[in-house]
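Have a look at the structure below, then the notes.
Note that the coordinates shown come from a computational prediction; the quantities given were computed from them, not determined experimentally. Chain A is the first sequence line, chain B the second, and so forth, proteins listed ahead of strands; every chain is numbered from 1.
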Number of protein chains: 2
Amino acid sequence: MQKRPIHIAIIEDDDEIRQTLALIIKGTNGFFCSATFPDSESALAQIKDLVVDVMLVDIELPGITGIEAVSKIKQLKPDVDCLMLSIRQDDEAVFNSIRAGAAGYLLKDTPPAQILRAIEEVHQGGAPMSMQIARRVLQSFYPTQKSPLSERETEILQLLSDGLNYRSIAEKIFLSPHTIKSHIKNIYSKLHVHSRAEAVKKAIKDKLI
Amino acid sequence: MQKRPIHIAIIEDDDEIRQTLALIIKGTNGFFCSATFPDSESALAQIKDLVVDVMLVDIELPGITGIEAVSKIKQLKPDVDCLMLSIRQDDEAVFNSIRAGAAGYLLKDTPPAQILRAIEEVHQGGAPMSMQIARRVLQSFYPTQKSPLSERETEILQLLSDGLNYRSIAEKIFLSPHTIKSHIKNIYSKLHVHSRAEAVKKAIKDKLI
DNA sequence: TTCAGAATACCCCATCTGGGTGATTGCCTT
DNA sequence: AAGGCAATCACCCAGATGGGGTATTCTGAA
């Protein structure tokens, strides 16, 4: 029995690249090209009536960017897997794409055979990424630099972020509220902030807690 | 000219798996097995004197876990790339490994050829992950559920997280401080929190801002 | 059309916060 | 031996915060 081919659509403004991709897809067994679009607008207009499993999306498009397109596509058809295809590898492009709902991210220098492999992988529930992209993504989890805070301070910052006030923190770790306040003042000065909200934000962003 | 092989060390408590991995590595051109260890302790004791590019690390080990081992290895030898090899695919294992500094994560059912490919990739600055793992990692960037906050509220929460007080926020968006306060009260009740710190924490964790 | 929610604005008030200043003890490094 | 930092505790005070209300307008869904 013949397996249903993976239905693919392409959004890519460069005519040559778009057509080449389409040709490769059409010429390969198990892959089917449902549609191609030169911009996000036309793709979004038709997406509802389209049978499609995987979308290849360029980021740099005239008008609506590929990233915004992905965001809208995921709203309209949450089951479509969007695979970004871009020359950009800056954090801005990569992480905004992922946040928008991209299920994979390939650089444009990826050879055709690997693009096809990535399409299969994304369709099987994977998240293919070019090697540089994957590394960047993992690196985003590492603490940026080592904490300037002492252990005690980190502990108190943790409790602070739970919304406890001086007194509650003091009770929790058996210290005087004055001491807590002292620590918090030190935390502020080390993190260069002036309020709990800022401190919590910085702590999370810098992965201190 | 002969290229220097990739030097690999293994930490794995299962004798059979460890020896099989070592054999595969030894038997493949371009790969060299520097050492194998049945536990983290022995690996950490010797790591300083070891020439090694990539470490294969199991997570579930007697004594010090693979995750803690990675954290210590990265402290001692930051240039070593650690590739986790585990049966576990729960968030706990995956994200703690990544935070500890792992540069890749393979499930144990990965066939040998792919393990070798992953070793090469990690050594070239990539971050090979089993398909399920990569997807999980990307999913960690998506907003968990859609925001319960209105646009205005989100805007104000954003400013709140920058450490602005009622008055400053009011000035920034040309509203009365009373209004800001009203909005913030609504934000608190929607997020089920009672302070700025908690609100900011929840907002970031739930990717509302 | 009616009702809910969003956005706007105001009042009261007890409590909490952040900034300033100062002190003691102990540990570590120099 | 000295200076520095972490950790502890203390006091003062102006201003901010959070919780309790109330009210109007507008929009969109039921």
> With a 4.0 Å cut-off, would you call A:Lys74 and A:Asp79 a salt bridge?
Replying inline: no
N/O-N/O pairs, protein side and nucleotides 20-23 of chain C side, under 3.5 Å:
| from | atom 1 | to | atom 2 | distance (Å) |
| --- | --- | --- | --- | --- |
| C:dG20 | N7 | A:Lys185 | NZ | 3.3 |
| C:dG20 | O6 | A:Lys185 | NZ | 2.7 |
| C:dT21 | O4 | A:Lys185 | NZ | 3.2 |

> Hey, is NZ on A:Lys205 packed in by over 12 heavy atoms from elsewhere, all under 6.0 Å?
Replying inline: no
> Does B:Tyr166 make a side-chain N or O approach to OP1 or OP2 of D:dG18 shorter than 4.0 Å?
Replying inline: yes
> Would you say the side chains of A:Ser71 and A:Glu68 form a donor-acceptor pair under 3.5 Å?
Replying inline: no
Find every protein N or O atom lying less than 3.5 Å from an N or O atom of nucleotides 25-27 of chain C, and list the pairs.
none

> Phosphate oxygens OP1/OP2 of D:dG18: is one of them under 4.0 Å from a side-chain N or O of B:Ser195?
Replying inline: no
>> Output the rounded distance in Å from CD1 (B:Ile173) to P (C:dA7).
In response: 10 Å
> Between D:dA7, D:dC9, C:dT8, which nucleotide has the shortest distance from any of its atoms to the side chain of B:Arg152?
Replying inline: C:dT8
> Could you state the CG-P distance from A:Asn186 to D:dC5, rounded to the nearest angstrom?
Replying inline: 11 Å
> Just how far, in rounded Å, is C1' of C:dC16 from CD1 of A:Ile180?
Replying inline: 15 Å
>> Looking at B:His183, I'd like to know whether one of its side-chain N or O atoms comes within less than 4.0 Å of OP1 or OP2 on C:dT8.
In response: yes
>> Pairing donors with acceptors under 3.5 angstrom, does anything connect the side chains of A:Ser189 and A:Asn186?
In response: no
> Does the pair B:Glu198/B:Lys201 count as a salt bridge with the N-to-O cut at 4.0 Å?
Replying inline: no
>> At 4.0 Å (heavy atoms only), tell me whether A:Tyr188 reaches a base, stays on the sugar-phosphate, or touches nothing.
In response: sugar-phosphate
>> If I take atom CD in residue A:Glu151 and atom C1' in nucleotide D:dT8, what distance separates them, rounded to the nearest angstrom?
In response: 16 Å
> In this structure, are over 12 heavy atoms from other groups packed under 6.0 Å from B:Lys172 atom NZ?
Replying inline: no
>> Does this structure show an ion pair linking A:Lys77 with A:Asp53, if we count only N-O contacts that are shorter than 4.0 Å?
In response: no
>> Please determine whether a side-chain nitrogen of the Lys or Arg among B:Asp58 and B:Lys108 lies less than 4.0 Å from a carboxylate oxygen of the Asp or Glu.
In response: yes
> For A:Leu175 and D:dA10, what is the distance between atoms CG and C1' respectively, to the nearest whole Å?
Replying inline: 14 Å
>> Strictly below 4.0 Å: does B:His194 bring a side-chain N or O up to OP1 or OP2 of D:dG19?
In response: yes
>> By nearest heavy atom, map B:Pro177 and B:Leu149 onto DNA chain C; which one lands nearer the 5' end?
In response: B:Leu149
>> Taking any heavy-atom pair under 4.0 Å as a contact, classify A:Thr179: base, sugar-phosphate, or nothing.
In response: base
> Checking side-chain contact (heavy atoms from CB on, under 4.5 Å) against B:Ile11, which of B:Ile73, B:Leu56, B:Thr36 comes through?
Replying inline: B:Ile73
>> Any side-chain N or O of A:Arg196 below 4.0 angstrom from OP1/OP2 of C:dC16?
In response: no
> When the distance from CD of B:Glu155 to P of C:dA7 is rounded to whole Å, what number comes out?
Replying inline: 9 Å
>> Let me spell it out: for each of B:Leu164 and A:Ile156, pick the nucleotide of DNA chain D with the closest heavy atom. Which residue's pick is nearer the 5' end?
In response: A:Ile156
> In whole angstrom, what separates A:Glu198's CD from C:dT17's P?
Replying inline: 16 Å
> When the distance from NE2 of A:His178 to P of C:dT17 is rounded to whole Å, what number comes out?
Replying inline: 13 Å
>> Nearest 0.5 Å, please: how far is CD in A:Gln89 from CD in A:Gln132?
In response: 5.0 Å
